[in-house]
Structures are given as structure tokens and as C-alpha cells.
Protein chains: 2
Amino acid sequence: MRQTDRSSAAAPAARVLDFAVLGLLHESPLHGYELRKQLNASLGSLRAFSYGSLYPCLRRLQGEGLITVDDSAAASKLSGRSKVVYTLTAEGKEHFTALLGEGGPSSWEDDSFGVHMRFFAQTDAATRLRILEGRRSRVEEKREGLRAGLSRTRERLDSYTLKLQEHGLESVEHEVRWLTELIDSERSHLTTTPPKD
Amino acid sequence: MRQTDRSSAAAPAARVLDFAVLGLLHESPLHGYELRKQLNASLGSLRAFSYGSLYPCLRRLQGEGLITVDDSAAASKLSGRSKVVYTLTAEGKEHFTALLGEGGPSSWEDDSFGVHMRFFAQTDAATRLRILEGRRSRVEEKREGLRAGLSRTRERLDSYTLKLQEHGLESVEHEVRWLTELIDSERSHLTTTPPKD
DNA sequence: TTCGTCATGTAATGGGTTACATGATTAC
DNA sequence: GTAATCATGTAACCCATTACATGACGAA
């Protein structure tokens, strides 16, 4: 047993924070502090990042040429504070769009799906559908795993563990229903407004 | 803004894995491989640990004198494989019971609440109640945060982000309801079988 | 004899937080 | 003038994963 057999996809983790930062900067230039606020507000319950990861991340992205410091914004000392305003470069834009359209397994993971969805408005219906369906499969797998485990061990579990597991299962089932609604609505979108039919 | 103001509780993190291992060994002696299976089975959807964290953890706990290698089990080569069977020491038992009964904020965190609940059968009703109520407050706080954020930004959000946030809110609300049920049932337990009244 | 599973471990790496250090600006 | 918030950053640490290395046992 290879410990976790999540296929041998060599994808380099596709850092969630990178993606999120790129996505926000794709909407408008921002400085670090504001970026973090937006980030934690819009990701809400899903995730919260600290400066200790944000600032190094910005530096890294800058090093990779995906973002630049917007000198014009920094220079105009209208409100004199020393802000470092970042903008997406052309490569940054390209990179982000690529990541967004990719819709591979990395966008289905628990921690990145929400972030991807946050930027759904910037994709096309087909990609959204692909991601939503991928996510649903993932969650359905999880559900099946839980169900199997539960029916296997139900008798041996004390009432608390049982309730815990059942609640977990319910949550997952709820997510599946939610995803299905989204998928249906997305599908009707597609058929009423066909992309190239 | 001190970044995250989770009070200045100096509690040394109360490592979840440690607690879980202690708890499982409190039920019966086990060797590493089996421990991991039990762990990932009973924590189910909540968490999954790898050997890379489990074995060092066992070593550490052993160093702290909380667990020992059960030589009798290792010596009896009935099924000759070289297993290293661990047992709780007296201090280990004490430590675990203390942690279990403590029911402080650390048992309300997302990642440790489930683990604590897994071992509820080994506590008293009062402690269970305390932990459940603590957890509920925590989740209610989260709910309020989400509601506030949502009502503040509802207009500015695109439909996808909105749906995402709303689903997050629903999940949290669902957990609150669930916890309330558990609390009520635990309360009636207490009143029908008073501990010292 | 080879494959799957049982079984134990280590080294490198990763992605993040905490706590700290610093200072400007705004509101009271 | 002082408290809160805005703003940027760094260094030390933490907890865990991944990938690797090793080997015994049972079944086909």
C-alpha cells in the first residue's frame, strides 16, 4: 500500500495561496495588507492566511515575473503611506487564466475548490461544469468511503463515535446535493446558451 | 490587530495526534501499523495520518514516559512478525484522563473536537456537556462572522461566491443544530441521572 | 517466484503559523 | 498624546507529508 494512492500526478501542488493572490490581482491591483483582508474575507470560512505566508509569497511571485510592483501607485503620494501595490504582469495574467481553465484534479481538492469557485465568474460555463463535476466525484468518493466504513463498523462503535460519523456523512451528502444543484443550473445554462453548437 | 487574537493561552498545542494515540492505546495495546489503521478508520473523514508522523510521535511519547513497548507481546513469537506493541504507562493513563477531562478551548478547535468526541465514552456527562457547549459557542461565533460578512458584502459578490458563502453558512448552521441536539440529550441524561444531587 | 500486504522506519521538504520588530497615520 | 489600525516584513518553529529504504510473510 503506497500509503496514499492519489495517483502519481506530478503536478507541483499548485499552491492555493499563489492562485488566490493571482486571482485577486487579476481583478484589481492591491497592496499586501489589503490583499490579505480581501483574501480572508472572500475565502471566509474556508481559509485564513497570515502575513508570514503572504509576503514571502508576493516576493516569490514577483521573482517569477508573474506580478510587479505598481510604481505609479506607489509614487503618487496622495495618501503618503508607503504601500507596495502589486499588479499582474502579462505572464501573470496568462498563467492565472491557464490555471483557472485547467480544471484538473487540483481544483477539486478540499482546500482549493473554494478558491477556484471564488473566481468562477472569470471562466466559461464548460470549465465551471468540469470543475464542479470533478469536485462532485471527489466528494462522492468520500461519501462512499464513509458509508462503507460505517456499515462495516456500525455495531462496534459507541454512540458518540457513531453520531460523529453520521454527522460527517450528512455534511458530505449535503455538499453533494449542493453541487448537483449547481451543476444542473450550469447545464441548463449551457444548453440555453450553447457555446458552439 | 494582533493578527489572530485567540487569547494568549500558552497551552502547548496539545497535539492532536498525541491525544489520539494515547486514546487508542487507552482502549488496547497496539503496534504502529495497526494504530494507524484504527486511527484513520475511526477519525474517518476528519483526519488521516501517515507513518512519517506516527512513528516519530510514538518515539516521542515513549521518551516522555507516557507509553512503553509491550515486550511480552513482542517476545511471544506466536505470529513471528516483528511488531512493536505499545501500551500506556500509568503516567500515560493519567495524562490522557487529564487531557480528556480538561475540556478547555483546545478541545473545541476544528481539528481536535472530533478526536475528543471519539473518546467521549470514556468521560463523564458533565465534561461532555462542557466540551459540546464550548464547541457550539465556537461554531456560533463562526456563524456570526459569516453572517456579518455576508450581509456586509452580499451586493458586491458575484453569484458563485455568494453561493459558496451561503453553503458555508448552511454547513455551520447544520453543525450548530446537531450540537444542540447532542447537548439536549446530554442534559436530559444529567437530570434523569444526577451525579451528586 | 512474484505479488500484495504487513510492518517499521528515516531524510528531505513543504507550507504554514507565531511571535517579533518597526513605524506611519487616523481618530478620539 | 495615546490607542487603534494600517502597513511591511523576518526568523524561528511546527506539524505533517512525500518519497525512500528495508524486509518478512502468505497466497497465487
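Just so we're on the same page: letters track the sequence lines, and every chain starts at 1.
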Once side-chain contact (heavy atoms from CB on, under 4.5 Å) is applied, do any residues pair with B:A125, and if so which ones, sequence neighbours excluded?
B:R128, B:E186, B:L190
Under the rule for side-chain contact (heavy atoms from CB on, under 4.5 Å), what residues qualify as partners of B:H167, not counting sequence neighbours?
A:H174, A:E175, A:W178, B:S171
Report the distance from atom OH of A:Y51 to atom P of D:dA12, rounded to the nearest whole Å.
22 Å
Rounded to whole Å, the CG-P distance (A:L54 to D:dC6) equals 15 Å
Restricting to salt bridge (charged side-chain N to carboxylate O under 4.0 Å, His left out), what partner residues turn up for A:R118, sequence neighbours left out?
A:E27
Separation of D:dT5 C1' from A:E34 CD (nearest whole Å):
13 Å
Nearest to the side chain of A:S53 - D:dT8, C:dG9, C:dG16?
C:dG16
Bend across the helix from C:dT1-D:dA28 to C:dC28-D:dG1, to 10°, with axes taken over 5 pairs at each end?
30°
Listed nucleotide nearest any side-chain atom of A:V84, set C:dA7, D:dG9, C:dG15
D:dG9
Rounding to an integer number of Å, can you tell me how far A:K37 NZ sits from D:dA7 P?
7 Å
Rounded distance (Å) that lies between atom C1' of D:dA7 and atom CG of A:L30:
14 Å
Between B:H116 and B:F19, is the ring centre distance below 6.0 Å?
yes
Expressed in angstrom and rounded to an integer, what is the separation of B:Q38 atom CD from C:dA7 atom P?
12 Å
Check the phosphate of D:dG9 against A:R59, side-chain N and O only, distance under 4.0 Å to OP1 or OP2. Yes or no?
no
Nucleotide nearest B:Y33 when distance is taken to its side chain, options C:dT5, D:dT5, D:dG9
C:dT5
5'-most contact on DNA chain C (nearest-nucleotide basis), A:R60 vs B:H31, goes to B:H31
Between D:dG9 (C1') and A:L58 (CG): distance, integer Å:
11 Å
Does anything in residues 141-161 of chain B pair up under ring-ring contact (aromatic ring centres under 6.0 Å, His included), and if so which pairs, sequence neighbours excluded?
A:F120-B:Y160
List for me each residue that meets side chain to side chain donor-acceptor pair (under 3.5 Å) alongside A:S28, sequence neighbours excluded, and say none if there are none.
none
Check this for me: A:E94, atom CD, are more than 12 non-hydrogen atoms of other residues, nucleotides or ligands nearer than 6.0 Å?
no
For A:R36 and C:dT17, what is the distance between atoms CZ and P respectively, to the nearest whole Å?
9 Å
Side-chain atoms of B:L17 come closest, of C:dA7, C:dT8, D:dA16, to D:dA16
Has B:Y55 got a side-chain N or O lying under 4.0 Å from the OP1 or OP2 atom of C:dT8?
yes
